[in-house]
Amino acid sequence: MAAKILANLIVMGSGILARAFVQAYRQALANASKSGVAQETMQNTVRRASKVMTEQEARQILGVTEETPWEEVVKKYDALFERNAQTGSFYLQSKVHRAKERLETLYQNKGQDAPS
């Protein structure tokens with residue numbers, strides 16, 4: 001009999017805690033939407049998910065300037081890509097590759113010769 005009462009108390013207590021948690025969560029969401037935190041969080045999440053490498057970041061990675069001709073960009077790319085292939089850093093290799101891709105589209109849009 002005592003075990004049955006104890007089990008009922010545990011079940012009732014957990015139900016009360018679950019309802020309190022849901023109510024607190026709803027209130028937190030309502031407060032966040034009033035203060036604009038929810039929209040800001042969503043914007044930051046979308047921005048991080050679709051982050052595209054900037055031209056400045058690509059130039060820093062490859063060590064080139066805006067005046068650098070495409071042939072020099074390719075030479076820098078080849079040297080950095082091969083160096084990272086030898087050391088085994090796939091992350092750096094992918095960064096170098098993405099930087100070249102970013103600058104390649106930029107040079108193609110400018111009308112300079114940027115073969116694939």
Side-chain angles (χ1 to χ4, degrees):
M1 182 74 173
K4 191 175 186 179
I5 292 173
L6 184 60
N8 281 337
L9 285 174
I10 291 173
V11 169
M12 288 176 58
S14 64
I16 291 169
L17 284 175
R19 281 191 297 262
F21 177 76
V22 169
Q23 185 178 7
Y25 184 73
R26 284 184 183 156
Q27 187 63 42
L29 286 178
N31 291 342
S33 66
K34 288 179 187 174
S35 67
V37 173
Q39 289 85 4
E40 184 179 339
T41 303
M42 285 302 295
Q43 288 172 352
N44 288 341
T45 303
V46 169
R47 199 174 299 131
R48 267 188 241 118
S50 65
K51 185 175 182 186
V52 176
M53 184 179 288
T54 64
E55 176 188 350
Q56 180 183 8
E57 185 181 5
R59 290 192 185 283
Q60 285 177 339
I61 290 170
L62 293 176
V64 296
T65 63
E66 292 180 15
E67 293 81 26
T68 307
W70 175 249
E71 294 78 23
E72 186 67 28
V73 172
V74 171
K75 286 180 187 176
K76 294 266 189 166
Y77 162 77
D78 288 336
L80 288 170
F81 193 84
E82 288 302 318
R83 190 176 312 141
N84 288 309
Q86 292 170 357
T87 61
S89 178
F90 181 74
Y91 173 76
L92 291 177
Q93 242 184 335
S94 66
K95 281 291 196 182
V96 168
H97 185 72
R98 297 291 171 245
K100 179 197 167 231
E101 285 180 339
R102 175 66 173 106
L103 292 180
E104 188 174 34
T105 59
L106 186 72
Y107 277 85
Q108 284 174 347
N109 290 340
K110 282 186 177 179
Q112 292 189 10
D113 186 29
S116 297

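As a basis for the values below, the full set of heavy atoms in this structure was taken, side chains included, without hydrogen atoms, waters or symmetry mates.
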Grab the two heavy atoms, one from Val96 and one from Phe81, that are nearest each other, plus how far apart they are.
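Looking at all heavy atoms of both residues, the closest pair is CG1-N, 4.1 Å.
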
Under the salt bridge (Lys or Arg N to Asp or Glu O under 4.0 Å) test, which residues partner Arg102, sequence neighbours left out?
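Once residues adjacent in sequence are excluded, Arg102 has no partner under the salt bridge (Lys or Arg N to Asp or Glu O under 4.0 Å) criterion.
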
Starting at OH of Tyr107, measure out to NZ of Lys100 and round the result to the nearest 0.5 Å.
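One finds 13.0 Å between OH of Tyr107 and NZ of Lys100.
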
NZ of Lys95 to CZ of Phe90: how many Å apart, nearest 0.5 Å?
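Rounded to the nearest 0.5 Å, the NZ-CZ separation comes to 12.5 Å.
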
What donor-acceptor contacts under 3.5 angstrom involve side-chain atoms of residues 10-26, with partners at least two apart or in another chain?
{"unit_1": "Ser14", "atom_1": "OG", "unit_2": "Ile10", "atom_2": "O", "d": "3.2"}
{"unit_1": "Ser14", "atom_1": "OG", "unit_2": "Val11", "atom_2": "O", "d": "2.9"}

With Gln56 via side chain to side chain donor-acceptor pair (under 3.5 Å) - residues at least two apart:
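For Gln56, no residue satisfies side chain to side chain donor-acceptor pair (under 3.5 Å) once neighbours in sequence are set aside.
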
Residues which pass side chain to side chain donor-acceptor pair (under 3.5 Å) with Glu101, listed by chain and number, not counting sequence neighbours
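Side chain to side chain donor-acceptor pair (under 3.5 Å) check on Glu101 returns His97, Arg98.
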
Not counting sequence neighbours, which residues clear side chain to side chain contact (heavy atoms under 4.5 Å, CB included) with Glu67? List them please.
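Thr65.
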
Taking side chain to side chain contact (heavy atoms under 4.5 Å, CB included) as the definition, give me every residue that meets it alongside Glu72, ordered by chain and number, with sequence neighbours left out.
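Thr68, Pro69, Lys75, Lys76.
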
In sequence, state the C-alpha distance, the side-chain angles, and the governing distance for Ile61 and Met53, and then conclude on side chain to side chain contact (heavy atoms under 4.5 Å, CB included).
CA-CA 10 Å; Ile61 290 170; Met53 184 179 288; 3.7 Å; yes

Under 4.5 Å between side-chain heavy atoms, counting indirect links through other Ile/Leu/Val/Met/Phe/Trp/Tyr residues: same cluster for Val73 and Leu106 or not?
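Yes: a chain of side-chain contacts under 4.5 Å links Val73 to Leu106.
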
Check whether any side-chain heavy atom of Ile5 lies under 4.5 Å from a side-chain heavy atom of Asn8, and answer yes or no.
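Side-chain contact under 4.5 Å: no.
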
